[in-house]
Amino acid sequence: MAINIKESEEIVEDVLNIYPEKPRKNRQEHIGVNKKDACGSCIAKSNLKSLPGVMTPRGCAYAGSKGVVWGPVKDVINISHGPIGCGHYSWGTRRNLANGVPGVENFMPFQFTTDFRERDIVFGGDKKLEQAIHELKGLFPTTKGFVVESECPIGLIGDDIEAVAKKTSADLNTTVIPVRCEGFRGVSQSLGHHIANDSIRDYVVGTGKLDDSQKTKYDVAILGDYNIGGDVWASMKVITEMGLNVIAHWSGDGSIEEMRITHEVNYILLHCYRSMNYISNYYNEKYGIPWIEYNFFGPTKIKESIRKIAALFDEHIQEQSEKVIEKYEPKMQAVIDKYRPRLEGKKVMILVGGLRPRHIVGAYEDLGMQVVTAAYEFAHSDDYERTTKELEDGAIVADDLNEHEFIELAHRLKPDLVASGIKEKYVFQKMGIPFRQMHSWDYSGPYHGYDGFEIFAKDMDLAINSPSWKFVKPTWKK
Ligand code: SF4
């Protein structure tokens, strides 16, 4: 059923009316009602500072760099440089899976921190950092490098981590990458992505070489897939069956060694535009490597993406790709036949980071569901330009949607499913609304690729049609 534009506009007005004049004016610019032909930034302004005291769902630049971009690179040691909190809270919480022997090829199961104390704030932490890198090299000699992820105090006390990186890198003959991702920089995780991309550009890109005998005309790199619950593995299965040769995947189950040779590929396939468009553009400018965006959520988008990718290559790849589509279509139809009748017409509200609020819409639509709200934590105007086209007219589009607005919108829209993060999960469940975590896949997944869609459909059905929702209200209050 079409969404009533006027009703949506009234709902947004109503939710904003709780604010005093000044914050209302601010938030009004960030929430709008979708019209496919409108400009995205006209509907929602973005990438601006959060209002103080409104419970933004956003994180910081450290989360964007260490948590998202660098964290999943398994053969380096990420040092959370600063006090204990940031490293501890981000330890093992993002489900970017990786293969490899822990402590030998894969350092992701550990938390490495310089654990700042007051004396480090007073006297500076450069010496401590140098000592930590030496100590870690001794304990883990097989590491392929170190990434120094700055937490808030580092930039404030005037430490020179670049100098430490240069010195330790020369002393130990290894790669040490200083990253200025202090949480006070920028307005969200987003600047952390950019800073991390730039550090890869400055310290990694072009430092390796792919053996000429190993090169093929079908070499590609996947960028912006963090292998949540095995997403990159499910995507690689499809891309490999198409006949392409994935020589690097960033950064889910990825390695710095792959990053070093990525400039040798013929095409970059970009899943998360927000977090890795910077480095993709750099590859294009410096090495002339074209990049294209794709979407591996749900069979409709997967099919479109396979054809879009195949069109870059010769007939051999195009034929192979059609065979892949042919092979999986009956399986996908079986999934749709099973779950669509159970999910048809259900309304979804989404609040996630910088990609999924638009990317996952097609997968819901494949199941007959309707996205009535798509909200981002840290998207930019170019993401909103892409979002308007994916959503139906009348859907509510929101930027940096805070907890009050989210809850109030849900009261009015009465969704059948809320798809968001851990901070939101239990609030909505207590409201009696089915919920799925759309960052961690609620410890399920993968959701990418053909294998992922089957799991996605099953999970949405489990959440929405769980008998537990019937028992939220005690019988004597019904
Ligand atoms: S804002 Fe600062 S203290 Fe907080 S998590 Fe980010 S880096 Fe750490």
Side-chain angles (χ1 to χ4, degrees), residues 46-73 76-96 108 110-126 128-129 132-133 146-162 164-165 176-200 226 251 274-275 351-354 376-380 399-403 420-424 439-440:
S46 55
N47 197 28
L48 296 165
K49 253 168 78 91
S50 301
L51 276 182
V54 294
M55 290 183 77
T56 168
R58 282 175 168 175
C60 69
Y62 164 86
S65 174
K66 189 261 183 179
V68 175
V69 175
W70 270 117
V73 182
V76 296
I77 285 181
N78 273 282
I79 302 174
S80 292
H81 188 37
I84 192 73
C86 329
H88 195 78
Y89 283 107
S90 59
W91 181 15
T93 48
R94 221 168 117 78
R95 299 183 59 239
N96 30 242
M108 282 172 41
F110 307 96
Q111 199 240 130
F112 301 104
T113 173
T114 44
D115 186 15
F116 260 41
R117 300 302 161 102
E118 203 174 336
R119 58 167 296 131
D120 304 314
I121 300 291
V122 175
F123 297 106
D126 286 344
K128 193 177 201 183
L129 177 63
I133 294 170
F146 298 87
V147 183
V148 181
E149 308 277 2
S150 305
E151 298 167 9
C152 278
I154 306 307
L156 297 171
I157 61 173
D159 272 12
D160 188 354
I161 59 166
E162 289 76 10
V164 178
V176 183
I177 302 169
V179 189
R180 285 286 179 182
C181 56
E182 290 96 339
F184 62 77
R185 297 185 198 277
V187 298
S188 66
Q189 291 92 315
S190 186
L191 189 67
H193 303 147
H194 198 157
I195 291 167
N197 276 219
D198 288 356
S199 68
I200 297 170
Y226 300 101
S251 44
R274 180 70 275 130
S275 61
L351 162 65
V352 211
Y376 293 93
E377 290 174 34
F378 49 75
H380 296 206
D399 175 70
D400 190 16
L401 186 73
N402 61 52
E403 304 298 334
S420 189
I422 188 69
K423 299 191 297 299
E424 291 76 28
H439 295 274
S440 69

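Atoms within each ligand, like the ligands themselves, are counted from 1 in listed order. Counting from 1, the numbers follow the sequence of the chain as shown.
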| query | Would you call E162-R180 a salt bridge at under 4.0 Å N-O? | reply | yes
| So, K128 and D126, do they make that salt bridge, N to O below 4.0 Å? | no
| said: Are there over 12 heavy-atom neighbours, none belonging to K49, within less than 6.0 Å of that residue's NZ? | reply: no
| task | Inspect the surroundings of CZ in F184 and state if more than 12 heavy atoms from other residues, nucleotides or ligands are less than 6.0 Å away. | result | yes
| Counting only heavy atoms on the protein side, is anything nearer than 4.0 Å to atom 4 (Fe) of ligand 1? | no
| request: Search all heavy atoms of E403 against all heavy atoms of E424 and return the closest pair with its distance. | output: OE2-OE2, 2.7 Å
| Quick one: which ligand 1 atoms are inside 4.0 Å of a heavy atom on C152? | 1 (S), 2 (Fe), 3 (S), 7 (S)
| request: Would you mind listing which atoms of ligand 1 come within a distance below 4.0 Å of any non-hydrogen atom of C60? | output: 1 (S), 5 (S), 6 (Fe), 7 (S)
| request: Please write down residue, atom name and distance for the protein heavy atom closest to atom 8 (Fe) of ligand 1. | output: C86 SG, 2.2 Å
| task | Would you please determine whether E151 falls within less than 4.0 Å of ligand 1 on a heavy-atom basis? | result | yes
